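Accompanying notes for the structure given below.
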Amino acid sequence: MNLGTVFIALGGVCLGYVLVGLAAAIGKLIGGLILKFKFERFVFFMADVKKTEKGFAFGLCEPEPFISLTMFDPKDSKMRSLISNSLSLACALFCTETLAIGLWGTKTIAKSAFTVPMAIIMIAYSLFLLVKVLIVEQRKSSKTTGGVIWRGYQKASTAIKEGTRPAELTFEEVSEEISEEINVGAADKGTYKKYLLLQYYHYLEAGNYNKLIDVVNKIEDIAPDKWSYSDIGILADMTFYYVVIGQNMGRAKYYGKIFQEKMKGSEEVNVKRAYAYWLFFVEKDRGAALQIAMEAMKMVDSYNLIGCREMERKFIQALLNNIESSN
């Protein structure tokens, strides 16, 4: 096999991978439109499209090895989710089946160094998506650790996106055994981190700082060795917590350094709010803090977490009052 054949095969693999990913995203979009889901985000490796209050935001994100479409179900129904995932899988399987039948069934597509690797990767990727859908649906109905966390996150996330204030959220109690189990990888840490962040908002707005520190400790218990750009929300509020509430400058600077490395390009209200507090209380830069706080205040009404808008407004206004009184 010469080098040219290898490159041709790699081209087939790449095209097959992209075709299945796009087909799955299109299927999910069709299902979402039929069921009246709300578009949230589309990621094409590094290209990122997000829904905002005023339209769509286009940008770049941390490189991801997949194509994904995220849509939000206002009714948070297991059956509706199953239908959406099934349509996504059906589109991916249709593309794969069409190529496979053409190659090995009707033989209307010629076998080559390009088409055979493309078909193989499409079959493998489609099977992966099938297993993923089965795992996700099983998790949603499971009474295991992963099921408890998944359902808790979905319920709270749906409520807050529809306008429920963080202080009004309710959470199923997660035992210490569950937290320890998650620590060793028995459940989805990514979902658990997002679940804990919503709990953090709940106790922050409610002013229950005894419970809040418990959540902060749980977040630190599962902190990764290397933070990613997707952790920006947690990094922002860990920095905010240690600057404003915990008042631990050592911990604040530890999280603040990583936070500033990952926040570049982020236009989320909570990120700007945390950064404004950092600028004012840690860097003592009144002018920069005022500028960022004003930018954040203008963005509050378009924040996608509708239920968090008033909480964010309150904390940003409190900082603006502090800046004004420091004159």
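Count residues from 1 along the sequence. Owing to the predicted nature of the structure, the values given are computational and were not obtained by experimental measurement.
Side-chain atoms of K161 and I306, non-hydrogen and from C-beta on, never get closer than 4.5 Å to each other. Residues W278 and K253 meet the side-chain proximity criterion, which asks for heavy atoms closer than 4.5 Å. At a threshold of 4.5 Å between non-hydrogen side-chain atoms, the residues L320 and M294 count as touching. Put simply, the side chain of N85 reaches to within 4.5 Å of the side chain of K28, judged on heavy atoms. Between V133 and L129 there is no side-chain heavy-atom pair separated by less than 4.5 Å. A heavy-atom distance below 4.5 Å is not found between the side chains of S157 and Y195. You'll find the side chain of V43 stays beyond 4.5 Å of the side chain of I67, heavy atoms only. Y255 is listed as a side-chain neighbour of Y242, based on a closest heavy-atom distance under 4.5 Å.
With R286 contributing its side chain and I323 its backbone, the two residues share a donor-acceptor pair below 3.5 Å. The backbone N or O of I160 lies less than 3.5 Å from no partner atom in the side chain of T164, so there is not a single donor-acceptor pair. A donor-acceptor pair under 3.5 Å links the side-chain atoms of T239 to the main chain of L235, judged by distance alone. With hydrogens and angles ignored, the 3.5 Å screen pairs no side-chain donor or acceptor of R41 with any backbone N or O of D48. Although no hydrogens or angles enter the test, the distance criterion places a donor-acceptor pair under 3.5 Å between the side chain of R309 and the main chain of Y303. Using a distance-only test at 3.5 Å, with no hydrogens or angles considered, no donor-acceptor pair links the side chain of E312 to the main chain of C308. Under a 3.5 Å cut-off, the side chain of Y277 and the backbone N or O of F315 do form a donor-acceptor pair.
With values rounded to the nearest 0.5 angstrom, L212 atom CG is found 5.5 Å from Y200 atom OH. For the atom pair N304 CG and M299 CE, the distance stands at 10.0 Å (nearest 0.5 Å). Distance check, rounded to the nearest 0.5 Å: OG1 of T5 to CG of L10 gives 11.0 Å. Rounded to the nearest 0.5 angstrom, L22 CG and L69 CG are separated by 10.5 Å. In this structure, CG in L99 is found 12.5 Å from CD1 in I121, a value given to the nearest 0.5 Å. In this structure, NZ on K111 lies 11.5 Å from CD1 on I109, to the nearest 0.5 angstrom.
For E310 and R313, the salt-bridge test passes: some basic side-chain N is under 4.0 Å from an acidic carboxylate O. A salt bridge is defined here as a Lys NZ or Arg NE, NH1 or NH2 lying under 4.0 Å from an Asp or Glu carboxylate O, and E220 with R251 meets this definition. The existence of a salt bridge linking E40 and K50 is excluded, since no basic side-chain nitrogen approaches an acidic carboxylate oxygen closer than 4.0 Å. Salt bridge K38/E162: present, at least one basic N to carboxylate O contact under 4.0 Å.
Counted within 6.0 Å of NZ on K314, heavy atoms from surrounding residues, nucleotides or ligands total more than 12; the atom is thus considered enclosed.
Between Y17 and Y125, the two ring planes are parallel [angle under 30°; tilted spans 30° to 60°].
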Please determine whether side-chain contact (heavy atoms from CB on, under 4.5 Å) holds for the pair L290 and F280, giving the CA-CA distance in whole Å, both sets of side-chain angles, and the decisive distance to 0.1 Å. CA-CA 8 Å; L290 177 61; F280 185 70; over 6 Å; no
Derivation of the side-chain hydrogen bond (donor to acceptor under 3.5 Å, both in side chains) call for Y201 and N270: CA-CA 11 Å; Y201 290 148; N270 59 325; 3.2 Å; yes
Under the salt bridge (charged side-chain N to carboxylate O under 4.0 Å, His left out) rule, what do D231 and K262 come out as? Steps first, then yes or no, please. CA-CA 8 Å; D231 294 318; K262 302 296 181 185; over 6 Å; no
Just do the side-chain hydrogen bond (donor to acceptor under 3.5 Å, both in side chains) check on T115 and S112 with the steps written out, would you? CA-CA 5 Å; T115 56; S112 69; 3.2 Å; yes
Verdict with reasoning, S84 to F37, per side-chain contact (heavy atoms from CB on, under 4.5 Å): CA-CA 9 Å; S84 174; F37 285 11; 3.7 Å; yes
After noting the C-alpha distance and the side-chain angles of I120 and V116, does the key distance pass the side-chain contact (heavy atoms from CB on, under 4.5 Å) rule? CA-CA 6 Å; I120 291 172; V116 172; 3.8 Å; yes
Given the rule in the side-chain contact (heavy atoms from CB on, under 4.5 Å) test, do D73 and T158 qualify, once you have shown the distances and angles that lead to the verdict? CA-CA 7 Å; D73 179 10; T158 298; over 6 Å; no
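Cluster membership check: F281 shares its hydrophobic cluster with Y241, using side-chain heavy-atom separations under 4.5 Å among Ile, Leu, Val, Met, Phe, Trp and Tyr. L127 and M118 fall within the same hydrophobic cluster, defined by Ile, Leu, Val, Met, Phe, Trp and Tyr side-chain heavy atoms under 4.5 Å apart, directly or through other members. Residue F58 is grouped with residue M71 when hydrophobic side chains (ILVMFWY) are merged at heavy-atom distances under 4.5 angstrom, including chains of intermediate members. Linking Ile, Leu, Val, Met, Phe, Trp and Tyr residues whenever their side-chain heavy atoms come within less than 4.5 Å places L130 and L19 in a single cluster. Under the 4.5 Å side-chain heavy-atom criterion for Ile, Leu, Val, Met, Phe, Trp and Tyr, F45 and L29 are members of the same hydrophobic cluster.
For the residue pair H202 and E168, the shortest heavy atom distance occurs at ND1-N, 4.4 Å. Smallest separation of non-hydrogen atoms from L169 and A156: CD2-O, 3.9 Å. Of all non-hydrogen atoms in L93 and S126, the two that sit nearest each other are CD2-CB, 3.7 Å. Shown here for L87 and G31, the closest heavy-atom pair between the two residues is CD1-CA, 3.4 Å. Pairing each heavy atom of A296 with each of K272, the nearest pair is CB-CB, 3.8 Å. Minimum interatomic distance between M311 and P166 (heavy atoms only, all atoms of both residues): SD-CG, 4.3 Å.
In this structure, F56 has its ring center closer than 6.0 angstrom to the ring center of F39.
For the pairing with F259, the side chain to side chain contact (heavy atoms under 4.5 Å, CB included) check across Y254, W227, Y275 returns one residue only, Y275.
The cationic group of R273 lies under 6.0 Å from the six-membered ring centre of F240 and within 45° of the ring axis, placing it in a cation-pi geometry.
As a member of the Ile/Leu/Val/Met/Phe/Trp/Tyr network built from side-chain separations under 4.5 Å, I34 groups with I26, I30.
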